[in-house]
Amino acid sequence: MQAADRGFADVLTMTFPAARALEKRRAESYDGFLELIARAKATGPLREDFTSQDLVIMLMANVGVINATGDAAPDTWRRPAVHLLRAYATPGAPLPPLPDAPASMALYRAMVRLPACPPARLPACPPARR
């Protein structure tokens, strides 16, 4: 959801005390997160030392990657998200497969804030994978 809607990504990691309806929904979502964490711990795949603060940190880190890579390397967030999921898994739990790293040139475009290449390809756009 964070990658699909960048505005939503920011809302997950910020507070808006004057927006009571939004804060009410945030509290409901947080309660859902707490339930999800408890169920994952109870069924075994999530380490016991994982906390709700860890989830907030993960969401903040993910929004940082999403904002930094933008349209130039839009799926980059998948790789660090899986690394984080693996880090918090209990020993012996099944691990999600690690997605491919982003193409070097796509990541470079994100770092220098160049737009992603359109179908007509910009002159500076390299071949699809490097």
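The shown structure was predicted, so the numbers you read here are calculated from the model rather than taken from an experiment. Below, each value reflects all heavy atoms present in this structure, side chains not excepted, and no hydrogens, waters or symmetry copies.
- Nearest heavy-atom pair across A89 and A93 is CB-CB, 4.3 Å.
- A distance-only check finds a donor-acceptor pair linking the side chain of T90 to the backbone of G44 [under 3.5 Å].
- Annotation: ring pair (Phe, Tyr, Trp, His ring centres under 6.0 Å) contacts involving residues 52-75, sequence neighbours excluded, are absent.
- Atoms CG and CG, from L55 and L36 in turn, are 7.5 Å apart once rounded to the nearest 0.5 Å.
- Here ring pair (Phe, Tyr, Trp, His ring centres under 6.0 Å) pairs that include residues 57-104, with residues two or more places apart or in two chains, are F50-Y88.
- When all heavy atoms of A110 and A72 are compared, the pair lying nearest together is N-CB, 3.5 Å.
- When the side chains of ILVMFWY residues are joined at heavy-atom separations under 4.5 Å, either directly or via intervening members, L46 and M58 end up in a single hydrophobic cluster.
- In this structure, R113 and N67 approach most closely via the heavy-atom pair NH1-O, 3.5 Å.
- The existence of a salt bridge linking R25 and E28 is confirmed by a sub-4.0 Å separation between a basic side-chain nitrogen and an acidic carboxylate oxygen.
- Taken to the nearest 0.5 Å, the CZ atom of R47 stands 13.5 Å off from the CD1 atom of I37.
- D31 is not listed as a side-chain neighbour of E35, based on a closest heavy-atom distance of 4.5 Å or more.
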Trace of the side-chain contact (heavy atoms from CB on, under 4.5 Å) decision for D100 with R78: CA-CA 9 Å; D100 291 336; R78 294 175 187 280; over 6 Å; no
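- A distance-only check finds a donor-acceptor pair linking the side chain of K41 to the backbone of E48 [under 3.5 Å].
- Side-chain contact between R86 and L98: present, with at least one pair of heavy atoms (C-beta onward) separated by less than 4.5 Å.
- The line from OG1 of T69 to CZ of R109 is 11.5 Å long, rounded to the nearest 0.5 Å.
- Taking all atoms of both residues into account, the shortest heavy-atom contact from T76 to A73 is OG1-O, 2.8 Å.
- In terms of the salt bridge (Lys or Arg N to Asp or Glu O under 4.0 Å) criterion, D54 has no residue partners (sequence neighbours excluded).
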Trace of the salt bridge (Lys or Arg N to Asp or Glu O under 4.0 Å) decision for E23 with R20: CA-CA 5 Å; E23 288 303 312; R20 291 182 186 198; over 6 Å; no
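- Annotation: side chain of S52 is not in contact with side chain of F33 (no heavy-atom distance under 4.5 Å).
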